[in-house]
Asker: 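Just passing along the structure, written as structure tokens.
If you're wondering where the values come from, they're calculated on a predicted model, not measured in any experiment.
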Amino acid sequence: MGKLGGFLEIQRSPVKWDDPARRAGNYREFILDRPVEEIQQQGARCMSCGVPFCHNGCPLGNLIPDWNDLVYTGRWREAIDQLHATNNFPEFTGRVCPAPCEASCVLEINEGDAVTIKQIENTIIDRAWDEGWVTAVPPAHESGQRVAVIGSGPAGMAAAQQLRRAGHGVVLFERDEAAGGLIRFGVPDFKIEKHVVERRVQQLVAEGVELRCGVEVGVDVTIAELKAEFDAVILAIGSRVPRDLPVEGRQLQGVHFAMEYLYERTRWAQDDQGVPHQAPRPESRGISARGKHVVVIGGGDTGADCVAQSIREEAASVVQVELLPEPPTNRPDDRTPWPLWPAKFRLSYAMEEARALGRGVQNFSVATLGLEGDDQGRVATLRYAQAAPAPPFQAIEGTEREQPAELVLLAMGFLHPEAQLIDGLGLDKDQRGNVKAGTYTTSDPAVFAAGDCRRGQSLIVWAINEGRQCARMVDRFLGEQAGRDVRPAALAGI
């Protein structure tokens with residue numbers, strides 16, 4: 001694969017972003033396009049490893065060396081076929097996945113030298129859309145059986161597409177006003193513009209998937225109605241219960257979960273860009289960072305997105321705090337040796353913007369002690385202290401400080417899926433509160449689960465993989481129910 005010895009001759013050329021100070025003024029994607037020849041040269045660096053560890057690093061099992069070579073030799077049409085063979089939505093993963101495949105690339109043994117897999121993937125799919133190679137793939141036959149997929153994030157979308165292509169009638173339920181889940185509403189437009197998501201939604205519709213947006217199963221559709229209408233049900237409802245902050249002052253106005261703020265801002269951006277939605281949009285909650293001192297509690301990707309949105313709203317200042325100590329700058333081989341995902345410091349795109357504008361800082365080992373408000377019940381001050389470097393990360397006495405905080409965003413991850421629908425279906429849960437479904441089948445043999453609601457909060461590549469694998473199990477179940485031979489997955493088209 002690639003060019004023989006190419007990795008010795010060609011230097012890695014990483015993804016290029018627009019200038020941080022300039023891009024912080026708009027809501028468009030900020031990844032810069034690269035010349036086709038440069039992308040082909042990056043594909044030439046693939047080593048044709050005897051054991052391609054990138055396959056294992058990617059939960060989808062993407063055929064990475066294959067399409068690297070196809071790009072290098074200019075066979076773009078074949079490259080997208082190879083990419084779609086394992087990944088329904090490569091433009092999603094090519095934009096927002098952190099690329100564990102690159103962390104496990106054999107070239108990454110020399111840290112920072114991995115093949116630019118994510119960049120190549122994104123170029124393949126963008127070219128495929130430009131060339132008109134991505135089209136609807138309706139089924140060749142109809143099974144006469146119907147499946148309800150509840151939740152339209154990447155897991156639900158992938159499951160719906162796979163099952164529809166296998167000939168089953170599929171209805172995709174979404175309680176929000178448009179399909180896409182967190183990638184539609186929780187991820188900012190400057191990371192993935194929403195027309196990119198909407199065109200995949202429309203592909204599902206063209207293939208025969210029925211969308212029912214603005215419909216909450218268990219409320220607008222009863223459990224009894226659901227089971228009467230469908231032969232099988234897939235739960236892909238995500239892990240949407242956020243981790244809270246049990247400190248004094250939590251009830252003050254201006255303290256919000258991160259997703260409350262991000263949903264508000266992405267809805268505004270979609271309206272500004274004219275991206276359609278399929279059901280009425282809820283009223284704005286009026287959450288805004290404009291002119292305020294913002295504190296984001298949580299150092300992950302969601303926290304970074306809150307920082308970037310606040311910067312674009314022209315917040316007076318943004319401080320992002322993290323309870324854990326600052327990670328090392330290089331891969332710690334004693335903790336996360338290659339090919340594992342390295343636990344090391346990465347300056348986020350958002351903090352790069354904040355620093356460029358002189359309006360943001362990121363602090364580690366910060367224990368939040370409490371919040372104080374003004375005489376109108378609005379949050380005004382964050383009280384904090386330095387946290388101990390090891391669990392349980394308690395506050396160190398004598399290090400107490402205060403920080404202005406007029407908007408506090410809690411971005412500390414998610415605990416488990418919302419329980420109402422799971423309990424309404426009478427399904428077993430594991431010790432963490434997730435749906436118990438070891439092989440995607442729940443305690444009810446006609447109900448299946450996929451994505452974060454089954455495995456816990458995770459990456460988009462895991463969500464798509466879960467949707468695909470769950471679809472196989474559902475297709476097998478439906479085949480057994482119909483008394484037909486269960487087809488091998490390759491023949492079933494899933």
Asker: Do Val379 and Glu406 make a side-chain contact, defined as non-hydrogen atoms from C-beta onward lying under 4.5 Å apart?
Answerer: no
Asker: Within the structure provided, determine whether Val233 and Val147 are in side-chain contact (heavy-atom separation under 4.5 Å).
Answerer: no
Asker: Is there a donor-acceptor pair closer than 3.5 Å between any side-chain N or O of Gln270 and the backbone N or O of Arg184?
Answerer: yes
Asker: Ignoring hydrogens and geometry, is there a side-chain-to-backbone donor-acceptor pair from Arg12 to Gln42 under 3.5 Å?
Answerer: no
Asker: With rounding to the nearest 0.5 angstrom, report the CZ to CG distance, Phe173 to Leu421.
Answerer: 11.0 Å
Asker: May I have all residue pairs that pass salt bridge (charged side-chain N to carboxylate O under 4.0 Å, His left out) and include part of residues 314-330, sequence neighbours excluded?
Answerer: Arg290-Glu314
Asker: In residues 391-399, what donor-acceptor pairs under 3.5 Å come from side-chain atoms, sequence neighbours left out?
Answerer:
from	atom 1	to	atom 2	distance (Å)
Thr399	OG1	Gln386	N	3.0
Thr399	OG1	Ile396	O	2.6

Asker: Is there a donor-acceptor contact under 3.5 Å from the side chain of Gln457 to the main chain of Phe414?
Answerer: yes
Asker: Do the side-chain N and O atoms of Gln161 and Glu207 include a donor-acceptor pair separated by under 3.5 angstrom?
Answerer: yes
Asker: Between Val197 and Gly180, what is the shortest heavy-atom contact and its length?
Answerer: CG1-CA, 4.2 Å
Asker: Could you tell me if Thr381 and Gln403 have a donor-acceptor pair between their side chains, going purely by distance under 3.5 Å?
Answerer: no
Asker: Please collect all side chain to side chain donor-acceptor pair (under 3.5 Å) contacts where either partner lies in residues 418-430, sequence neighbours excluded, each pair once.
Answerer: Arg175-Glu418, Asp423-Lys429
Asker: Whether the side chain of Glu264 engages the backbone of Ile287 through a donor-acceptor N/O pair (distance < 3.5 Å, no angle test) should be reported.
Answerer: yes
Asker: Kindly list each side-chain donor-acceptor pair under 3.5 angstrom involving residues 241-259, sequence neighbours excluded, with atom names and distances?
Answerer:
from	atom 1	to	atom 2	distance (Å)
Arg243	NH1	Met412	O	2.6
Asp244	OD1	Arg250	NE	2.7
His256	ND1	Glu260	OE1	3.4

Asker: Going by distance alone, is a donor N or O of one side chain under 3.5 Å from an acceptor N or O of the other, for Ser239 and His416?
Answerer: no
Asker: Quick one: list whatever passes ring-ring contact (aromatic ring centres under 6.0 Å, His included) with Phe89, sequence neighbours left out.
Answerer: Phe92
Asker: Tell me, with the steps shown, if Arg383 and Glu372 meet salt bridge (Lys or Arg N to Asp or Glu O under 4.0 Å).
Answerer: CA-CA 8 Å; Arg383 292 189 292 106; Glu372 296 180 356; 3.1 Å; yes
Asker: Looking only at heavy atoms, which two atoms of Tyr261 and Glu313 are closest? And how far apart?
Answerer: OH-OE1, 2.7 Å
Asker: Go through the structure and list residues passing side chain to side chain donor-acceptor pair (under 3.5 Å) with Tyr440, not counting sequence neighbours.
Answerer: none
Asker: With sequence neighbours excluded, give me every salt bridge (charged side-chain N to carboxylate O under 4.0 Å, His left out) pair touching residues 455-466.
Answerer: Arg454-Glu466
Asker: Against Val134, only a single residue in Glu91, Arg199, Arg200 fulfils side-chain contact (heavy atoms from CB on, under 4.5 Å); can you say which?
Answerer: Arg200
Asker: Regarding Gln11 and Asp113, is there a side-chain donor-to-acceptor distance under 3.5 Å anywhere?
Answerer: no
Asker: We want to know whether Thr266 and Asp189 form a side-chain donor-acceptor pair, criterion being a heavy-atom distance below 3.5 angstrom.
Answerer: no
Asker: Which heavy atom in Asn434 sits nearest to a heavy atom in Pro417, and how many Å separate them?
Answerer: OD1-CD, 3.2 Å
Asker: Under 4.0 Å between a Lys/Arg side-chain N and an Asp/Glu carboxylate O for Arg95 and Glu29?
Answerer: yes
Asker: What are the two closest heavy atoms between Gly61 and Thr86, and how far apart are they?
Answerer: O-CG2, 3.7 Å
Asker: Listed by chain and number, what are the side-chain contact (heavy atoms from CB on, under 4.5 Å) partners of Glu174, not counting sequence neighbours?
Answerer: Ser152, Asp176, Cys213
Asker: Considering only residues two or more places apart or on different chains, which pairs with a residue in residues 341-361 satisfy side chain to side chain donor-acceptor pair (under 3.5 Å)?
Answerer: Arg23-Glu352, Arg23-Glu353, Glu111-Lys344, Asp305-Tyr349, Arg312-Glu353
Asker: Which heavy atom in Thr116 sits nearest to a heavy atom in Ser13, and how many Å separate them?
Answerer: CG2-O, 3.5 Å
Asker: Report the residues that fulfil ring-ring contact (aromatic ring centres under 6.0 Å, His included) with Trp462, sequence neighbours left out, ordered by chain and then residue number.
Answerer: none
Asker: Listed by chain and number, what are the side-chain contact (heavy atoms from CB on, under 4.5 Å) partners of Gln202, not counting sequence neighbours?
Answerer: Glu198, Val205, Gln278
Asker: For a quick check under 3.5 Å, do Tyr27 and Arg265 share a side-chain donor-acceptor pair by atom type?
Answerer: yes
Asker: Measuring from atom CZ of Phe448 to atom CD1 of Ile234, what distance do you get when rounded to the nearest 0.5 angstrom?
Answerer: 7.5 Å
Asker: Using a strict 4.0 Å threshold on nitrogen-to-oxygen distance, state whether Glu193 and Arg28 make a salt bridge.
Answerer: yes
Asker: Which pair of heavy atoms, one from Leu172 and one from Val209, lies closest together, and at what distance?
Answerer: CB-CG1, 4.0 Å
Asker: Run the side-chain contact (heavy atoms from CB on, under 4.5 Å) test against Ala315 and tell me which residues pass, sequence neighbours left out.
Answerer: Ala289, Val294, Ser310, Val318
